[in-house]
Q: 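Mind having a look at this structure? Questions to follow.
Given the structure is predicted, the values throughout are model-derived calculations rather than measurements. By convention here, the first residue in the shown sequence is residue 1.
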Amino acid sequence: MERKYPHLTSPITVAGVTFRNRMFSAPMGGTDITNDGCIGPKSTAFYELRSKGGAGAVTVSECMVHESDGSHAYRLNPAILNSLACATYTADAIRRHGGMPSLELSHSGMFAGTYMTDKTKQKTMKQWGPMDTVRPDGVEVQGMTKEMIDEIVKSYGDVAAMAKRAGFEMIMVHGGHGWLINQFLSPLFNQRTDEYGGSLENRCRLAKEILTSIRNAVGPRFPIEFRMSGSEFCEGGYGLEEGIEIAKQLEDYVDILHVSAGTYQKTFGITHPSMFEEHGRNVFLAAEIKKHVKVPVATIGGLNDPAQMEEIIASGKADIVYMGRALLADPYLPQKVTENRDDEIVRCLRCFTCMAERAATSTRRCTVNPLIGREIEGDEVCPAPVKKKVLVAGGGPGGLYAAYTAARRGHEVILCEKEDELGGILKSEQALPFKYEMYQLTATYEKLARKAGVEIRLNTEVTKEYAEKENADALIIAVGSSPLVPPIPGLDGDNVVVVNNYYKEKDKVTDKVVVMGGGLAGCECAIHLGMEGKHVELIEMRDQLAPDANVRHRPLLLKEIDKYVTVHTGFKAVKVSSEGVVCENAQGEEVLVPGESVICALGQRSRTDMVEALRNTAPFVRVIGDAAKVSTITNAVYWGYHAALDI
């Protein structure tokens, strides 16, 4: 068969190991890590799904090589019961589906206690780095002695040997993102005056010693990959020019140079590109480094479009593309690309739900894929023992995913949407370029649902009479929410646009805008308007913006707000006029926030009246998404999936 993306799907052989394609799964941390660092069964299933989906290699992240590091924190240590066994089961789970298992080795250096698995040791653990210093959070860091450096260098080799014994077929050495090796490479962290500091050659010495230790442990025909930041993108760190020289210094010691970017503690939204960054924003680093080295080069950075990734390989910018979040959104992306089904790919939204959930609850979740973090419960949708008629009311993301899932189980599924277009609240995202993938999600879910056999009826509202006429065995109520528009004088004026309708009425919005409401929707709309060059004033009754944004997205959102928007917190709107919005400030004084146009983004309200009307119209009834509780796309999709599994 003729492959649509021949370069992306072609095999590559490195150090005697042949990878089935150029689409590799980037290191992503697990969830059920034990206090002593064993890989739990949930994490094993998490990595296994990447291989089932067709990735050429699957990297397990991050294995800490020395007891002085308490972060993240997988271990591979013969003194820890089950450590080797858990690693072996994980490598086997990846390899049996055709992907090559790789283990990332790391040491966090001066940030060793930042993400401790064992929280009881987080404050008591001694922190080691290139030199004596005090971290920004006040934690004292002790410079590594030569004896400790030698011990850590040896530990890299020891752990690599165990990884090979466990069945891993590649080692990735983490030399970027502000962890120990990067700390030695970077003038930002390393001002040593001995043989490990000063010149670039000296700053590369630790990396060379570690790579030599690993090579001696694993032998010649075993791929070693070095992950580095092509540029640190921060004051005091190194830029691309020095990144090229680091790559040239290290290429004789490695089989693959994996070029990432940034320093985790300072450039999170670059290292893990946010929705405000372009896709592939770090590819230029790999492309430039590749011109100067002989070994294969891998790239990474918000990649999820097969056409873009094909061009990267075909044009010689890189030899391998890595994806992290994209393979959470759709673990089967590589398989779909290989089978020319790229139009069925569920794209990553770069919303950071996955990383925020891990920070908040030590679990994983993905906005668009309800399996993530719960792979051990089963990743196959099994046929229902009794086929039933299922009616879904509402064509938003939750309703569409519920219908898709129910149809895959063999049910007869009818989805009704009262408007002439599917998508629900996601329709409004088409006007915001950095959120356009949320709008595109509807088309992908629709395609999957229709392919599974769902009958979709537009311009059809499910009333009580309609539901009773259809006489379905099961009804999933996904009727969503409506915008909250309080009785503020003037809020019904011609100069006011409700944020949900902005995509239809954006031509009404002038160059001077007041956005009412500093929640996530209001903030993102304000950023977009500011990016367009409009003067934007944002008013919010509370003392903080976007409390409904997740902990990873919110800091990046606020940075964009600072660039584009004038903010007024503690302001309560009391009247809207043609001159702007009259507000009451915290002192009870009336203040006019000037603007010719007003965006109303004051929240959503569940359509409880519709829910109550439909609640007794079928034997099985489930309410999902905003209809149940104004919440997130994540919950709508997850609840929709499980509602369908319960029928």
Side-chain angles (χ1 to χ4, degrees), residues 269 274-276 425 427-435 438 481-551 553-605 630:
S274 74
M275 64 175 63
F276 303 115
I425 202 168
K427 294 196 294 291
S428 63
E429 308 294 10
Q430 62 189 282
L432 279 58
F434 55 83
K435 296 191 76 178
M438 287 194 180
S481 58
S482 56
L484 189 60
V485 183
I488 296 172
L491 202 53
D492 56 352
D494 290 339
N495 63 329
V496 178
V497 174
V498 176
V499 70
N500 304 48
N501 297 327
Y502 170 71
Y503 74 103
K504 295 187 289 189
E505 302 178 8
K506 57 184 179 181
D507 291 343
K508 288 174 55 176
V509 179
T510 63
D511 289 338
K512 294 181 180 179
V513 191
V514 181
V515 176
M516 294 174 57
L520 184 59
C523 285
E524 289 178 339
C525 186
I527 290 167
H528 163 68
L529 294 168
M531 287 177 169
E532 286 196 325
K534 300 182 190 301
H535 178 81
V536 185
E537 307 262 353
L538 175 65
I539 59 176
E540 168 54 46
M541 203 164 63
R542 295 165 293 191
D543 59 0
Q544 61 175 329
L545 298 180
D548 49 338
N550 70 56
V551 296
H553 182 56
R554 186 171 182 268
L556 304 172
L557 178 88
L558 295 180
K559 282 185 179 179
E560 299 298 313
I561 287 283
D562 288 343
K563 289 183 198 174
Y564 297 109
V565 183
T566 301
V567 175
H568 309 275
T569 54
F571 273 40
K572 179 182 179 181
V574 294
K575 185 173 67 174
V576 176
S577 73
S578 59
E579 296 177 345
V581 181
V582 178
C583 299
E584 186 179 285
N585 65 17
Q587 289 73 43
E589 304 162 334
E590 283 202 351
V591 181
L592 174 68
V593 179
E596 298 165 352
S597 301
V598 176
I599 303 288
C600 177
L602 297 175
Q604 298 290 122
R605 174 181 289 159
V630 173

Q: Can you check side-chain contact (heavy atoms from CB on, under 4.5 Å) on Leu529 and Ile599, steps first, answer last?
A: CA-CA 10 Å; Leu529 294 168; Ile599 303 288; 4.1 Å; yes
Q: Quick check for you: to the nearest 0.5 Å, what is the distance between Asn585 atom CG and Met541 atom CE?
A: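 Asn585 CG to Met541 CE: 14.0 Å, rounded to 0.5 Å.
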Q: If you round to the nearest 0.5 Å, how far is NZ of Lys506 from SG of Cys525?
A: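 So the SG of Cys525 and the NZ of Lys506 are separated by 11.0 Å.
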Q: Could you pull out the closest heavy-atom pair between Gly518 and Cys523, with the gap in Å?
A: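 Looks like O-SG, 3.4 Å.
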Q: Keeping Arg554 on the side-chain end and Leu545 on the backbone end, is there a donor-acceptor pair under 3.5 Å?
A: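 Looks like yes, one N/O pair under 3.5 Å.
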Q: If you measure from CD on Glu532 to CG on Asp511, what distance do you get to the nearest 0.5 Å?
A: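 With rounding to 0.5 Å, CD (Glu532) is 9.0 Å from CG (Asp511).
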Q: Counting C-beta onward and ignoring hydrogens, is there a side-chain heavy-atom pair between Phe276 and His553 closer than 4.5 Å?
A: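 Yes, at least one pair of side-chain atoms sits under 4.5 Å.
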Q: Are the side chains of Leu556 and Met275 in contact, using a 4.5 Å heavy-atom criterion?
A: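 Met275 does not reach Leu556 side chain to side chain.
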Q: Quick one: CD on Gln430 to CE on Met438, what's the gap to the nearest 0.5 Å?
A: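 Between Gln430 CD and Met438 CE, I get 14.0 Å after rounding to 0.5 Å.
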Q: Are Ser428 and Val499 close enough that some pair of their side-chain heavy atoms sits under 4.5 Å apart?
A: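 No; the side chains remain at least 4.5 Å from each other.
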Q: Leu592: which residues meet the side-chain contact (heavy atoms from CB on, under 4.5 Å) condition with it, sequence neighbours left out?
A: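 With sequence neighbours excluded, Leu592 shows a side-chain contact (heavy atoms from CB on, under 4.5 Å) to Glu579, Val582, given in chain and number order.
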Q: Between Cys583 and Ala573, what is the shortest heavy-atom contact and its length?
A: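 Residues Cys583 and Ala573, closest heavy atoms: SG-CA, 4.1 Å.
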Q: Taking all non-hydrogen atoms of both residues into account, name the closest pair between Pro483 and Val498 and its distance.
A: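 Result for this residue pair: CB-CG1, 3.6 Å.
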Q: If you draw a 6.0 Å radius around CD in Gln587, do more than 12 non-hydrogen atoms from other residues or ligands fall strictly inside?
A: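 Enclosed: over 12 neighbouring heavy atoms sit under 6.0 Å from CD of Gln587.
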Q: How long is the straight-line distance from NZ of Lys575 back to CG of Leu491, given to the nearest 0.5 Å?
A: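 Between Leu491 CG and Lys575 NZ, I get 13.5 Å after rounding to 0.5 Å.
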Q: Do other residues, nucleotides or ligands put more than 12 heavy atoms under 6.0 Å from Lys512 NZ?
A: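 At most 12 heavy atoms, drawn from other residues, nucleotides or ligands, come within 6.0 Å of this atom.
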Q: Drop me the distance from Met516's CE to Leu538's CG, to the nearest 0.5 angstrom.
A: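 It comes to 11.0 Å.
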Q: Looking only at non-hydrogen atoms, find the nearest pair between Pro547 and Arg542 and report the distance.
A: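 Distance-wise, the nearest heavy atoms are CG-NH1, 3.5 Å.
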Q: Which atom pair, heavy atoms only, marks the closest approach of Phe434 to Glu524?
A: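 Looking at all heavy atoms of both residues, the shortest contact is CZ-O, 3.4 Å.
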Q: Are the side chain of Asp548 and the backbone of Leu520 linked by a donor-acceptor contact shorter than 3.5 Å?
A: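 Yes, because the side chain of Asp548 sits within donor-acceptor range (under 3.5 Å) of the backbone of Leu520.
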Q: Determine all donor-acceptor pairs shorter than 3.5 Å in which one atom belongs to a side chain in residues 557-570; sequence neighbours excluded.
A:
unit_1, atom_1, unit_2, atom_2, d
Glu560, OE2, Lys563, NZ, 3.1
His568, NE2, Glu537, OE1, 2.5

Q: Identify the two heavy atoms, one from Asn495 and one from Ser577, that lie closest to each other, and give their separation to 0.1 Å.
A: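 Reported closest heavy-atom pair: ND2-O, 3.1 Å.
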Q: Can you confirm whether Lys508 sits close enough to Ser597 that some side-chain heavy atom of one is under 4.5 Å from a side-chain heavy atom of the other?
A: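 A side-chain contact under 4.5 Å is absent here.
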